[in-house]
Novice: 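One structure, as structure tokens, below. Some questions next.
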Amino acid sequence: MRRLKSRRRRRWLWRWRSNPLRRRDDVVETWIVLAMWVVIGLGGTLVGVVTAQAAEASFAQLRHVRHSARVVLVENTTRAVQTGEGATYRHVRAKVRWTAPDGSVRTGRAPVDSGLKAGSHVTVWLNSNGQFAEKPPAAQAAAVEAGTLGTGAALAFGGLVFAAGRLAQWRLDQRCYDRWGREWDQVGPRWGRRTT
């Protein structure tokens, strides 16, 4: 068993060992592959973590800046609007009234559920400027989305590094093919000739 493992290790590391058949390009290609996988592993992890933390901080900022407000509908909202493919719009923009933190009464058009009567109380979300905004994601949903964004960023980074590594290997192979072609041009005319 030990001998089999030793053979496998030698076969796997053949480009690192001294060998009369080993070319300089084999060593360069091995370093390219090693560097590519190290950068994918370490860099991808770093990019993923930084992206996830930045997204989580952004979502936390949204939860901090946006706040809910109870508003009163000033007008009836129509039932859900049917679209061509059978989907419906469940939210419509309707005129609402609310009391601002400074005590002033304000009105505006906010996205609310359809099918409500005037005088109904609904909850809307406002940003720090008092403008209507989307509801910020809950902490758990934000954590899942941040993780998804981090994973996507890590995969994108890894894909770019892998593509760059494969491009470098392709260029190295093209250089080898060109060199072999030049050598064959020198040897080819003499191929099959008898020397006496």
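Keep in mind the model is a prediction, meaning the values are calculated, not measured.
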Novice: Are the side chains of Arg179 and Cys176 in contact, using a 4.5 Å heavy-atom criterion?
Specialist: yes

Novice: When you measure from the side chain of Thr148 to the backbone N and O of Val144, does any donor-acceptor pair fall under 3.5 Å?
Specialist: yes

Novice: Could you check whether any side-chain heavy atom of Arg175 comes within less than 4.5 Å of a side-chain heavy atom of Leu172, counting everything from C-beta outward?
Specialist: yes

Novice: Find out whether Trp98 and Arg70 are in side-chain contact, i.e. whether some heavy atom of one side chain is under 4.5 Å from a heavy atom of the other.
Specialist: no

Novice: Mind listing the closest non-hydrogen atom pair of Lys117 and Leu73 along with its distance?
Specialist: O-CD1, 3.6 Å

Novice: Looking at every non-hydrogen atom in both residues, tell me the closest pair between Ala94 and Val112 and how far apart they are.
Specialist: CB-CG2, 3.8 Å

Novice: In this structure, are over 12 heavy atoms from other groups packed under 6.0 Å from Arg63 atom CZ?
Specialist: yes

Novice: Please report the shortest heavy-atom distance between Met36 and Gly165, naming the atom on each side.
Specialist: SD-CA, 3.6 Å

Novice: Taking side chain as C-beta onward, heavy atoms only, is Leu126 less than 4.5 Å from Phe132?
Specialist: yes

Novice: Minimum heavy-atom separation for Ser68 to Thr123, with atom names?
Specialist: CB-CG2, 3.7 Å

Novice: Taking the side chain as every heavy atom from C-beta outward, state whether Val124 and Val96 have any atom pair closer than 4.5 Å.
Specialist: no

Novice: Which residues satisfy the side-chain hydrogen bond (donor to acceptor under 3.5 Å, both in side chains) test with Asp173, sequence neighbours excluded?
Specialist: none

Novice: What pair of heavy atoms forms the shortest contact from Gly44 to Ala154, and how long is it?
Specialist: O-CB, 3.2 Å

Novice: Salt bridge between Glu75 and Arg93, side-chain N to carboxylate O under 4.0 Å?
Specialist: no

Novice: Quick one: do Arg171 and Gln174 satisfy side chain to side chain donor-acceptor pair (under 3.5 Å)? Show the steps, please.
Specialist: CA-CA 5 Å; Arg171 289 290 299 144; Gln174 292 303 312; over 6 Å; no

Novice: Using every non-hydrogen atom in the two residues, find where Val47 and Thr51 come nearest and quote the distance to one decimal.
Specialist: O-OG1, 2.8 Å

